[in-house]
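For reference, the structure discussed in these notes is given below.
We count ligands from 1, going down the list as the structure has it; atoms in each ligand are counted the same way. Below, all heavy atoms of this structure are taken into account, side chains as well, without hydrogens, waters or symmetry copies.
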Amino acid sequence: MLRISAFRLLGRTGASRLSLLEDFSLRHYSSDPLGVQDDTRDARAYFTTPIFYVNAAPHIGHLYSAVLADALCRYHRLRVPSAAATRFSTGTDEHGLKIQQAAAAAGLAPSELCDRVSAQFQQLFREADISSTDFIRTTEARHRMAVQHFWGVLKARGLLYKGLYEGWYCASDECFLPEAKVTRQPGPSGDLCPVSLESGHPVSWTKEENYIFRLSQFREPLQRWLRGDPQAITPEPFHHAVLQWLEEELPDLSVSRRSSHLHWGIPVPGDDSQTIYVWLDALVNYLTVIGYPNAEFKSWWPTTSHIIGKDILKFHAVYWPALLLGAGMSPPHRIYVHSHWTVCGQKMSKSLGNVVDPRTCLDRYTVDGFRYFLLRQGVPNWDCDYYGEKVVKLLDSELAFALGGLLNRCTANRINPSGTYPAFCTTCFPSEPGLVGPSGRAQAEDYALVSAVATLPKQVADHYDNFQIYKALEAVSSCVRQTNGFVQRHAPWKLNWESPVDAPWLGTVLHVALECLRVFGTLLQPVTPSLADKLLSRLGISATERGLGELHFLPRFYGHPCPFEGRRLGPETGVLFPRLDQSRAWLESYTNAF
Ligand code: MSP
């Protein structure tokens, strides 16, 4: 696998290919710890979040979608050195009945509501360190042009026809529903009201002439796409769910509404009496961002990864790929799906008054702390519950105590008075346990630690590929614990720099621990960018030494020179992560943790 992709990457022929390959594999001496020698090294990538409705202020669920996409994108940038190879878009979904009604209820013009709430999303994402390269608003002229062009292509290909649509419409979810998906629930006045079975939101009966997309023609092409690309939708249960949906009949889809009913949207080209359905409008945002319909979009489109919540899976995995196929394009490369956050066991909702403001969380737990919490606790396959105490416990134990404590233990002046990356002694810690001689001090557990940290980058890469960022963080956290165990076992504070017997081993213990910290700091960059920067800066690792391509763990152990040995550590800039719970009880429960 490595050899094939290296051929392709380097694009040489014959003997020169071979010598390049030999160099290539030599440079990656430590059993390919990075897992980066694949096609992604050279690849472009385009990541997208859903665009967010502007009917209400952002909540933690919205931030979660954005932080997941940000971590995937930042991870890709670590793999692929050229920043120009990555695009990352987010934005706001500003048209449709839902926004029209929310503006009317707030006594505002729709455009005023859009400006106000879109600005809140932009501010939140700036504060949360979301590294997007594009922010799109569907009310922009460039987007209107892209949507109308896309509509024209579908029309020209005979995929739109005019027909009578009669059925239920849910304005909150902006979707049409068959009778089987509607139930009755007591409304505010006690009368039974029709609501969506899935979301519980009210629905109303609609009967009007609309433009209709021939969705039914795409059932088999969609099945072929998904069966031919088992990773198209990740995690697998969502892929499976979409294939299940496609077992059933796929009715044609109404893609416009009467303008007299829905005026806040993009008019159908050549027919002002109809407004384009907000989901068609919204989905095209992914093309607008990359320049559609200008040819430049073609080089980005095949690299698209959509990050979405499970509630909008059908729109992204059925309607959108069908529309794309209809317009002569390929379906998205990847769709990564996540589940939802509940709050103290309940669904977040305005009526329950339990909507959690993400900006308060960023203030309370710090930006990196809250990002870490969301990604460490957020499991894509099922819903997760948020409550304050859980955040505090997690951050105090894993960031303040385990990681911050480890850094402090290896860099504090009393243990490391020279303030350097000490030398590694190969006779104290030979490359194989069987070679340990009289001056050797390494034990079996120490070899287990080296092996765990050496394979960590590859494990993390696999977890990112499977959209299991929480597992990547779990793996890092487990290695941090193991490294603390290593330091505890050898108690460097009991060793003496003045003793010729202790000094080489003391240096080796610190060298190994600092190397582990360098790996952790590098791998944490996508999740906690500022904290990782602080950690790597304290270790004296320069900006050009922080990519996955440079991450050769413990080179001296493998018989290679180490560029960090003897180097001065960076300046001391205070605690790595402040402890959130200052109570004594906390201190007592963690003092004997290792
Ligand atoms: N506007 C549409 C998306 C159009 S994309 C072409 C929309 N917007 S939304 O604001 O309602 O949701 C945006 C994202 O937030 C979705 O991925 C959704 O799953 C996510 N979340 C909304 N509530 C959530 C939670 N409670 N928890 C986690 N994410 C949730 O849908």
- Message: Under a 4.0 angstrom heavy-atom cut-off, which atoms of ligand 1 come close to Asp93?
- Response: 1 (N), 2 (C), 4 (C)
- Message: Please determine whether salt bridge (Lys or Arg N to Asp or Glu O under 4.0 Å) holds for the pair Arg359 and Asp363, giving the CA-CA distance in whole Å, both sets of side-chain angles, and the decisive distance to 0.1 Å.
- Response: CA-CA 6 Å; Arg359 290 178 67 192; Asp363 282 347; over 6 Å; no
- Message: I need the atoms of ligand 1 closer than 4.0 Å to a non-hydrogen atom of Met348, numbered in the order shown.
- Response: 26 (N)
- List the atom of Phe238, the atom of Ser339, and the distance in Å for their closest heavy-atom pair. CZ-OG, 4.0 Å
- Task: Return a yes/no value for Ile51: is any of its N or O atoms, backbone included, closer than 3.5 angstrom to an N or O of ligand 1?
- Result: yes
- Which atoms of ligand 1 are found less than 4.0 Å from any heavy atom of Ser339? 28 (C)
- Provide the number and element of each atom of ligand 1 under 4.0 Å from a heavy atom of His316. 5 (S), 6 (C)
- Message: Does the residue Phe315 have a heavy-atom contact with ligand 1, meaning some pair of atoms that are separated by less than 4.0 Å?
- Response: no
- Message: Whether the Gln377 and Tyr386 side chains hold a donor-acceptor pair (N or O, under 3.5 Å, no angle test) is what I'd like checked.
- Response: no
- Message: Could you check whether Phe213 and Phe218 have their ring centres less than 6.0 Å apart?
- Response: yes
- ligand 1 atoms nearer than 4.0 angstrom to some heavy atom of Ala282 are 6 (C)
- Would you mind checking which non-hydrogen protein atom is closest to atom 23 (N) of ligand 1, with the distance to 0.1 Å? His59 CE1, 3.2 Å
- Residue, atom name and distance, where the atom is the protein heavy atom closest to atom 6 (C) of ligand 1: Tyr286 OH, 3.5 Å
For residues 275-283, which side-chain donor-acceptor pairs fall under 3.5 Å, sequence neighbours excluded?
from, atom 1, to, atom 2, distance (Å)
Thr275, OG1, Ser259, OG, 3.3
Thr275, OG1, Leu262, O, 2.7
Tyr277, OH, Glu174, O, 2.6
Asp281, OD1, His143, NE2, 2.8
Asp281, OD2, His95, ND1, 2.6

- Message: Could you check whether Lys310 pairs with Asp383 (Lys NZ or Arg NE/NH1/NH2 to Asp/Glu carboxylate O, under 4.0 Å)?
- Response: yes
- Message: Going by the closest heavy atom to atom 31 (O) of ligand 1, which one wins out of Ile307, Ile312, Asp173?
- Response: Ile312
- Between Lys181 and Trp168, is NZ or CZ placed under 6.0 angstrom from the six-membered ring centre and within 45° of the ring axis? no
- Heavy atom of His338, distance to ligand 1 below 4.0 Å: yes
- Residue selection (non-hydrogen contact nearest atom 27 (N) of ligand 1) among Trp320, Tyr386, Trp341: Trp341
- Message: So that I can tick it off, tell me whether Arg144 and Glu140 are bridged by a salt bridge, with the cut-off set at under 4.0 angstrom between side-chain N and carboxylate O.
- Response: no
- Task: Report yes if the distance between the aromatic ring centroids of Tyr286 and His316 is under 6.0 Å, otherwise no.
- Result: yes
- Task: Provide, to 0.1 Å, the distance between atom 13 (C) of ligand 1 and the closest protein heavy atom, together with that atom's residue and name.
- Result: Phe52 CD2, 3.5 Å
- Message: To check your reading of the model: name the closest protein heavy atom to atom 8 (N) of ligand 1, its residue, and the distance in Å.
- Response: Tyr53 CD1, 3.3 Å
- In ligand 1, the atoms that come under 4.0 Å of a heavy atom of Gly61 are 24 (C), 25 (C), 27 (N), 28 (C), 29 (N), 30 (C)
- Message: Do Val284 and Trp151 make a side-chain contact, defined as non-hydrogen atoms from C-beta onward lying under 4.5 Å apart?
- Response: no
- Are Lys98 and Asp173 within salt-bridge range, i.e. N to O under 4.0 Å? no
- Query: Do the two ring centres, one from Phe121 and one from Phe52, sit under 6.0 Å apart?
  - Reply: yes
- Message: Closer than 4.0 Å to some heavy atom of Gly309 - which atoms of ligand 1 meet that?
- Response: 17 (O), 19 (O)
- Starting from atom 15 (O) of ligand 1, locate the nearest protein heavy atom and write down its residue, its atom name and how far away it is, to 0.1 Å. His62 CD2, 3.4 Å
- Note on the structure: atom 20 (C) of ligand 1 sits nearest the protein heavy atom Ser65 OG, 3.7 Å
- Mark up the atoms of ligand 1 that fall under 4.0 Å of a heavy atom belonging to Asp311, in ascending order. 18 (C), 19 (O)
